[in-house]
Amino acid sequence: QVQLVESGGGLVQPGGSLRLSCAASGSIFSINAMGWYRQAPGKQRELVATITSGGSTGYADSVKGRFTISRDNAKNTVYLQMSSLKPDDTAVYYCNAEVISSRTWATYKYWGQGTQVTVSS
């Protein structure tokens, strides 16, 4: 049983900043990659940023230079610092984690319930 809970979403003006957090809890043996995805109405869910257990990061071209992903392994938490936000960043943001479950010893991708980010003046 693994749960991912996001926080930090909200309404922000263009050019503003927001930091999202996602904490994983439950039957966790270890966590491999963690990441953030987003989905705008009528669009496919897209990868925003990922971070491996070793700290290697990857970003969608649309957010490079503006977003920073980080993680705190001791807290099983991943963060997404978003700066210079644009209206096109408006979406529901979902965190995910590839978790080795202590229940099954298999690797699963778990998803948070999502947090709304709205960028509007």
Side-chain angles (χ1 to χ4, degrees):
Q1 186 79 288
V2 175
Q3 297 172 313
L4 273 63
V5 180
E6 301 104 332
S7 62
L11 176 65
V12 64
Q13 294 185 338
S17 298
L18 211 57
R19 190 178 80 150
L20 306 182
S21 299
C22 176
S25 62
S27 302
I28 299 170
F29 176 74
S30 64
I31 301 178
N32 296 325
M34 304 183 79
W36 289 95
Y37 293 73
R38 67 186 182 187
Q39 187 167 27
K43 296 185 178 180
Q44 295 180 335
R45 184 175 297 187
E46 64 176 345
L47 176 66
V48 176
T50 61
I51 184 166
T52 69
S53 61
S56 179
T57 60
Y59 299 92
D61 288 340
S62 60
V63 306
K64 286 182 179 178
R66 300 189 299 118
F67 291 9
T68 301
I69 188 171
S70 61
R71 64 190 286 173
D72 185 334
N73 290 331
K75 297 180 179 179
N76 289 329
T77 299
V78 62
Y79 305 93
L80 185 67
Q81 177 65 51
M82 305 183 293
S83 300
S84 301
L85 284 162
K86 305 174 181 179
D88 285 348
D89 295 319
T90 296
V92 177
Y93 284 70
Y94 300 89
C95 67
N96 86 288
E98 292 182 325
V99 177
I100 300 177
S101 172
S102 61
R103 290 185 63 195
T104 68
W105 308 109
T107 301
Y108 302 96
K109 179 176 284 188
Y110 292 93
W111 293 90
Q113 64 184 19
T115 184
Q116 177 71 47
V117 173
T118 302
V119 184
S120 176
S121 60

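Bear in mind that the values here come from a model prediction, so they are computed numbers and not experimental data.
The two residues Ser101 and Tyr110 have their closest heavy-atom pair at CB-OH, 4.3 Å. Considering all non-hydrogen atoms of both residues, Ser17 and Ser84 come closest at OG-N, 4.4 Å. For Gln1 against Arg103, the heavy-atom pair with the smallest separation is N-CD, 3.2 Å. Closest heavy-atom contact between Thr77 and Met34: C-CE, 4.2 Å. Contact detail for Asn96 and Tyr37: the closest heavy-atom pair is OD1-CE1, 3.0 Å. Smallest separation of non-hydrogen atoms from Ile51 and Arg71: O-NH1, 3.4 Å.
Leu85 contributes atom CG, which lies 6.5 Å from atom CZ of Arg66 (distance to the nearest 0.5 angstrom). Between Glu98 atom CD and Ser30 atom OG the span is 11.0 Å, to the nearest 0.5 Å. Note: Met82 CE to Arg19 CZ = 11.0 Å, rounded to the nearest 0.5 Å. How far CD of Gln3 is from SG of Cys22: 11.0 Å, rounded to the nearest 0.5 Å.
Contacts classified as side chain to side chain donor-acceptor pair (under 3.5 Å) and involving residues 49-60 (residues at least two apart or in different chains) are not found.
A 4.5 Å side-chain heavy-atom check between Trp36 and Ile69 finds at least one atom pair inside the cut-off. Considering only heavy atoms from C-beta on, Leu11 stays 4.5 Å or farther from Gln116 through its side chain. Proximity of Glu6 to Leu20: side-chain heavy atoms (C-beta onward) are nowhere separated by under 4.5 Å. Looking at heavy atoms from C-beta onward, Asn32 lies in side-chain contact with Ile100 at the 4.5 angstrom threshold. Using a 4.5 Å cut-off on side-chain heavy atoms (C-beta onward), Tyr79 and Thr68 make no contact.
Listed by chain and number, the residues in a salt bridge (Lys or Arg N to Asp or Glu O under 4.0 Å) with Lys43 amount to none (sequence neighbours excluded).
Ring orientation note: the planes of Trp111 and Tyr94 are nearly perpendicular, at an angle over 60° on the 30°/60° scale.
If you chain together hydrophobic residues whose side chains sit under 4.5 Å apart, Val12 and Val92 never meet in one group. Val117 is connected to Leu4 through a chain of hydrophobic side-chain contacts under 4.5 Å among Ile, Leu, Val, Met, Phe, Trp and Tyr, so both are in one cluster.
Lys86 has no carboxylate O lying under 4.0 Å from a charged side-chain N of Asp89, or vice versa, which leaves the two without a salt bridge.
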- Item | side chain to side chain contact (heavy atoms under 4.5 Å, CB included) between Val2 and Tyr108, intermediate numbers included | CA-CA 10 Å; Val2 175; Tyr108 302 96; over 6 Å; no
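Arg38 pairs in a side-chain contact (heavy atoms from CB on, under 4.5 Å) with only one of the listed residues (Leu47, Thr115, Val63), which is Val63.
Shown here is Gln113, whose CD atom has no more than 12 heavy atoms of other residues, nucleotides or ligands within 6.0 Å.
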